[in-house]
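Structure record follows, encoded as structure tokens.
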Amino acid sequence: MKIGKGLWLAIAASVLWAIVNPFIKAGLSYDMTPMNFAGLRFTAVGIILLVYTRLMGTWTGLRAHGKLFFTLVTVNMFMGYTAFYFGVDLVSSAISSIVMGITPLVNVLLAHFVARNDKLTRRKVVALMVSLAGLLLIVGTGNDGRPLDAKGMLGILLLLLNIILQGWAAIRVSEESGRVDPVFLNAVQMFFGGLMIYGVGLGVEGYHSFIGLPGGFYGSLGVLVFVSVFAFSFWFTALRTPGTKVSDINMCRLINPVLGAVLSWTMLAGESPTVSTVAGMALIVGSLLIYFRQPAK
């Protein structure tokens, strides 16, 4: 399959997203709760991007594409990332990175049932089955090689919920008929979604100060802000590139389990590969090769 502009942008976004899980785990280790941390990160990103766009056409754009912005803020940001942060907090960083590798395959199914002109083929079905086999290997084994407990299973279920919610939001962005600047789209969802997450976090988790913490916290936050500024902008641009399909773009996210897991094993103490996680990762990556295999002529 020829790699066009949309796929290259999706690959760039996926590489950036692959590095977030270790830094989320690191940031949460500084007496910081999931919703406080997520809200702080995304609100900061929104402010940076709104300043960058100079608020040009903000209210006009909000009125013209109100339904799309509402979907992104509530479904993609608030519901999706709340589930994601709690899920990452409940399982090891390596396992969360690999579980998120199932994202493309779930979105292929969503695209088949929701999107127009993006249906399943025999090759896509085979890729789905191989990827699910890899996920089963990962789910059955914890970071220490023993079966996951109820807490770990809940974490994986929350990560899967995040995948479904964000996949549906991606289809909405792709099929939006109006022209929306991708950077402005990212700015609005980050700012309002971040404020919503942070506000609910204050009510549910209480206030956790982010002032005067060790430098490692601000380093982790800075990396996450950098990733969000660029990755989402690349992603929205890819989704709106003519001639690209949601399913094809989402398959690029299979980069995440490999790079994310390797970074977790390298950066975080107490996290190391097991036979099952490596085998599951290999199956998920193999499903990508099956999906993009050129058909015989």
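Side chains are part of it too, since the values below use all heavy atoms of this structure and drop only hydrogens, waters and symmetry mates. One-based numbering along the sequence shown. Note that the structure is a prediction, hence the values are computed from the model and not measured.
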Reported CE-to-CG distance for the pair Met190 and Leu72, which is rounded to 0.5 angstrom: 10.0 Å

In the structure I gave you, are the side-chain heavy atoms of Asn162 and Leu158 within less than 4.5 Å of one another anywhere? no

The side chain to side chain contact (heavy atoms under 4.5 Å, CB included) partners of Val200 (sequence neighbours excluded) come to Met35, Phe78, Val204

Please, which pairs that meet ring-ring contact (aromatic ring centres under 6.0 Å, His included) have at least one residue in residues 195-220, sequence neighbours excluded? Phe37-Phe217

Who are the side chain to side chain contact (heavy atoms under 4.5 Å, CB included) partners of Ala38, not counting sequence neighbours? Phe42, Tyr85, Ile197

Do the side chain of Ser29 and the main chain of Ala26 share a donor and acceptor less than 3.5 angstrom apart? yes

Reported CE-to-CE distance for the pair Met196 and Met79, which is rounded to 0.5 angstrom: 11.0 Å

Result of checking Ile47, Leu40, Val45 against Thr43 for side chain to side chain contact (heavy atoms under 4.5 Å, CB included): Ile47

Can you name the ring-ring contact (aromatic ring centres under 6.0 Å, His included) partners of Phe226, sequence neighbours left out? Phe230

Of all residues at least two apart in sequence or in a different chain, which pass the side-chain hydrogen bond (donor to acceptor under 3.5 Å, both in side chains) check with Asn36? Thr33, Glu205

Would you compute the distance between atom CG of Leu161 and atom CD1 of Ile156 and round it to the nearest 0.5 angstrom? 14.0 Å

Partners meeting side-chain hydrogen bond (donor to acceptor under 3.5 Å, both in side chains) with Ser228 (sequence neighbours left out): Arg41

Would a 4.5 Å heavy-atom cut-off, applied to side chains only, mark Ile24 and Phe84 as touching? yes

Suppose we screen for side chain to side chain contact (heavy atoms under 4.5 Å, CB included). Which residues come up paired with Leu283, at least two apart in sequence or across chains? Val130, Ala133, Leu137

So how far is it from Leu159 CG to Leu90 CG, rounded to the nearest 0.5 Å? 8.5 Å

Contacts of Asp89 that satisfy side chain to side chain contact (heavy atoms under 4.5 Å, CB included) - sequence neighbours left out: Leu28, Pro34

Minimum-distance pair of heavy atoms, taken over all atoms of Ala187 and Leu49: CB-CB, 3.4 Å

